[in-house]
Amino acid sequence: MTGSSETVRKPYVLYGHQTWRWYAQYLRDPISCYLDAREIYGPVGGLGNPLPFWKGGRQHVMAFGAVPNRIVFGQPDLFRPGGQVLRGPRGSAQRRMRKSIFAMHGDEHNRHRRVMQPPLSRLAVASYAPAIAGLIDQVLDRWEVGKPIDAYHEMLTLSNWIAAHLLFGEADFERSLAICMLIRDWITLDVEVRTLKLRPSLPGALVRRLLRHAETLEAAVRQLIEERRSAGAPGKDLLSQLIGAHGDKDFAMSDDELVAHSVILHGASFLTTASTLAWAMYLLAQNPAVAAALDREVASKLTAWPPATGEIDAMPLLDGVLRETLRLLPPVHHTLRTVAAPTDALGLQLRRDDRVIMSAFMSHREPTVFPEPDVFDPARWMRDRPGPYDYIPFSAGPRLCLGYAFATLEMKMILARIVQRHRVALVPHSKIDVIYRLTLCPSAGVPMTVEPRDGAFSAAPVSGNILKLVRHG
Ligand code: HEM
């Protein structure tokens with residue numbers, strides 16, 4: 001299979017009070033809102049302005065599946081992504097740090113993307129493998145057989161360390177980590193303010209904390225940039241490479257841009273990889289036959305640590321497990337786009353500033369492309385390959401995730417090493433709930449126990465909404 005034959009059913013449009021229920025459900029639980037709306041009305045449709053007497057209101061369109069994905073992701077200047085963080089008041093660090101590559105468009109975006117691409121290319125990221133391998137072992141060395149771990153917490157720690165290494169380097173690793181902790185706290189505050197529907201332009205204790213924290217973070221990264229500039233020889237870390245990079249016509253990034261890019265790169269990389277890895281560990285533990293087969297694949301193919309060149313790429317089941325995890329529980333489960341000019345591209349009359357909601361979670365559950373879509377079946381990736389707009393965990397088109405190669409290498413190395421060193425099992429009767437908090441993550445962790453690598457794989461009884469979202473083959 002090379003792509004979907006899906007066609008868009010006639011789009012629906014709901015107006016005024018008809019939309020209230022959907023907006024309420026969207027705010028409370030976006031996934032159930034998407035599933036129910038598609039079931040009742042179809043894959044593409046608009047929720048009109050819920051307050052028709054208010055001129056500032058805008059339409060929200062839900063558009064799921066390969067056809068709308070191609071239309072929207074293929075035209076990023078018509079359907080524009082916004083910044084990933086809240087816009088702060090004029091002149092604030094919060095406002096400056098929002099202006100990262102995620103919030104750039106047109107030529108400006110292309111220029112920055114071209115500069116960021118080389119250090120994140122497939123070839124370049126291979127050189128990070130030895131350092132990643134060392135950090136993985138530092139975390140796994142703390143695991144004790146017979147003792148419990150929270151898989152999500154462990155993966156957050158590990159992906160934070162790896163992001164610190166990639167972005168800011170290992171020369172002063174404590175400092176790199178300290179900056180990453182500042183970024184992590186800033187993102188947490190940003191999400192809290194957003195979840196409470198507060199605005200950075202209005203006063204309030206939480207908003208003040210967010211803005212103050214943004215100032216501290218910006219100052220810390222600026223100081224690092226100054227030091228890196230004066231150090232002369234560029235380091236291997238991403239920040240140093242971006243400082244030294246010169247794109248077309250000797251373009252160099254400003255300090256404001258370097259700060260914004262580095263903090264958002266950390267956010268983009270560590271939460272997404274941690275959620276994916278925690279879900280992969282859950283799915284493997286609950287699918288003993290797959291876990292046993294992966295154990296055999298790792299035993300036969302992973303001969304060295306750090307892995308020898310090409311070893312990680314030569315494991316088809318490992319690849320299938322990762323792809324299948326990202327299909328069923330994509331960390332970036334939806335993305336928003338803002339309409340830049342009036343268009344009927346999706347079969348609806350869209351006005352400037354209307355919003356389009358795209359969803360990897362929904363696209364990945366299209367049964368014509370992924371038969372039995374709720375079933376965890378890594379072997380499907382050895383049978384069929386969906387088209388680039390059917391499978392979009394890393395988005396698609398000109399704004400495809402820049403960290404795709406790095407994230408894939410990192411996640412495969414971590415999973416392979418866990419399998420090589422241990423068997424991990426779910427604590428029976430755990431409640432595993434999936435929530436949307438910037439990424440699709442476990443609401444209260446994934447409690448597991450560390451066991452010897454004894455091949456005694458077996459699933460555990462669990463409860464929680466995960467059981468509604470994933471079935472086991
Ligand atoms: C499991 C891991 C990851 C997933 C699922 C993921 C997913 C995504 C998605 C869906 C987008 C598009 C967002 C949008 O259009 O609104 C994106 C963009 C981006 N990601 Fe990732 N990402 C991951 C890891 C990383 C890592 C490790 C890095 C960097 C080290 C990274 C850097 C970026 C950048 C710079 C963009 C913006 C690209 C642009 O606008 O041109 N990501 N990612």
Side-chain angles (χ1 to χ4, degrees), residues 69 72-77 79-85 99-122 124-125 128 132 155-156 158-168 180 183 237-239 241-242 257 260-280 322-323 325-338 355-361 363-364 388-389 391-415 438-441:
N69 289 346
V72 173
F73 290 133
Q75 302 180 79
D77 289 333
F79 297 98
R80 292 179 160 207
Q84 296 285 316
V85 291
K99 191 85 195 339
S100 72
I101 185 162
F102 282 90
M104 292 177 171
H105 307 292
D107 285 348
E108 186 184 37
H109 172 261
N110 293 339
R111 223 174 18 246
H112 282 255
R113 200 175 154 98
R114 274 200 294 275
V115 172
M116 290 167 97
Q117 231 156 10
L120 289 169
S121 70
R122 227 176 123 76
V125 301
Y128 289 106
I132 295 177
M155 293 303 111
L156 279 171
L158 183 48
S159 57
N160 193 28
W161 287 8
I162 293 174
H165 180 95
L166 167 75
L167 287 170
F168 303 122
C180 286
I183 300 175
D237 58 279
L238 199 52
L239 178 61
Q241 293 191 51
L242 295 182
E257 289 163 347
H261 289 332
S262 28
V263 298
I264 205 67
L265 275 172
H266 177 267
S269 65
F270 102 104
L271 286 171
T272 45
T273 46
S275 309
T276 309
L277 288 162
W279 292 132
L322 186 61
R323 284 177 192 272
T325 306
L326 285 164
R327 184 185 73 78
L328 281 168
L329 296 161
V332 186
H333 84 91
H334 75 208
T335 41
L336 279 183
R337 292 291 187 259
T338 302
R355 292 278 167 85
V356 183
I357 302 167
M358 315 298 296
S359 168
F361 179 91
S363 302
H364 297 173
Y389 290 95
Y391 180 65
I392 54 163
F394 294 100
S395 192
R399 302 194 70 131
L400 181 77
C401 172
L402 269 175
Y404 161 78
F406 184 85
T408 304
L409 175 72
E410 171 187 357
M411 292 189 291
K412 284 186 178 177
M413 282 181 66
I414 293 172
L415 285 178
L438 208 58
T439 64
L440 207 59
C441 60

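By convention here, the first residue in the shown sequence is residue 1. Counting starts at 1 for both ligands and their atoms, following the listed order.
For His109, every heavy-atom contact with ligand 1 shorter than 4.0 Å involves the side chain, none the backbone. Counting heavy atoms under 4.0 Å from ligand 1, residue His333 does not touch it at all. With a heavy-atom cut-off of 4.0 Å, Glu410 does not touch ligand 1 at all. If you look at Leu166 next to ligand 1, the close heavy atoms, those under 4.0 Å, all belong to the side chain.
Checked by atom type, the side-chain pair Asn160/His266 shows a donor-acceptor distance below 3.5 Å. Using a 3.5 Å distance cut-off with no hydrogens or angles, the side chains of Thr338 and Arg80 do not pair a donor with an acceptor.
Contact of the Thr272 side chain with the Cys401 side chain is not registered, since no non-hydrogen atoms from C-beta on lie closer than 4.5 Å. Side chains of Thr273 and Ile162 form no contact here, defined as non-hydrogen atoms less than 4.5 Å apart. No side-chain heavy atom of Leu402 sits less than 4.5 Å from a side-chain heavy atom of Leu265. Using a 4.5 Å heavy-atom threshold, the side chains of Leu328 and His364 count as separate. The side-chain heavy atoms of Val125 and Glu410, taken from C-beta on, include no pair separated by under 4.5 Å. Two residues are said to be in side-chain contact when any heavy atoms from C-beta on lie closer than 4.5 Å; Val115 and Gln117 fail this criterion.
For the pair Tyr391 (side chain) and Ala360 (backbone), a donor-acceptor distance under 3.5 Å is absent. At distances below 3.5 Å, not a single donor-acceptor pair connects side-chain atoms of His333 with backbone N or O atoms of Thr439.
Distance from atom 23 (C) of ligand 1 to its nearest protein heavy atom, with residue and atom name: Thr272 OG1, 3.6 Å. Shortest contact from atom 28 (C) of ligand 1 to any protein heavy atom: Gly403 CA, 3.4 Å. Scanning the protein heavy atoms around atom 26 (C) of ligand 1, the nearest turns out to be Ser269 CB, 3.4 Å. Regarding atom 22 (N) of ligand 1, its nearest protein heavy-atom neighbour is Cys401 SG, 3.1 Å. When only non-hydrogen protein atoms are considered, atom 12 (C) of ligand 1 lies nearest to Ser395 CB, 3.6 Å. For atom 6 (C) of ligand 1, the closest non-hydrogen atom on the protein side is Phe394 CD2, 3.6 Å. Nearest protein heavy-atom contact of atom 35 (C) of ligand 1 is Leu265 CD2, 3.6 Å. Looking at atom 15 (O) of ligand 1, its nearest protein heavy atom turns out to be Arg337 NH2, 2.7 Å.
Look at Glu257 and Arg111 and you find no salt bridge, because none of the NZ, NE, NH1 or NH2 atoms lies under 4.0 Å from a carboxylate O.
Close contacts of ligand 1 with Val332, meaning ligand atoms under 4.0 Å from a residue heavy atom, involve 7 (C), 10 (C). Using a 4.0 Å cut-off to heavy atoms of Ala268, the atoms of ligand 1 that qualify are 23 (C), 24 (C), 25 (C), 42 (N). Listed by number with element, the atoms of ligand 1 under 4.0 Å from a non-hydrogen atom of Arg113 are 38 (C), 39 (C), 41 (O). Residue-ligand proximity, Met411 to ligand 1, at heavy-atom distances under 4.0 Å covers atoms 1 (C). Atom numbering of ligand 1 starts at 1 in the shown order; those under 4.0 Å from a heavy atom of Thr276 are 1 (C).
Note: Phe73 and Tyr389 fail the aromatic proximity criterion, with ring centroids not under 6.0 Å apart. For His334 and Phe361, the ring centers are positioned 6.0 Å apart or more.
Ligand 1 has no nitrogen or oxygen under 3.5 angstrom from a nitrogen or oxygen of Thr335.
Note on ligand 1: His261 sits outside its first shell, no heavy atom being nearer than 4.0 Å.
When the options Pro331, Pro393, Gly397 are ranked by their closest heavy atom to atom 7 (C) of ligand 1, first place goes to Pro393. Here atom 18 (C) of ligand 1 lies nearest to Phe102 when heavy atoms of Phe79, Phe102, Phe73, Tyr404 are compared.
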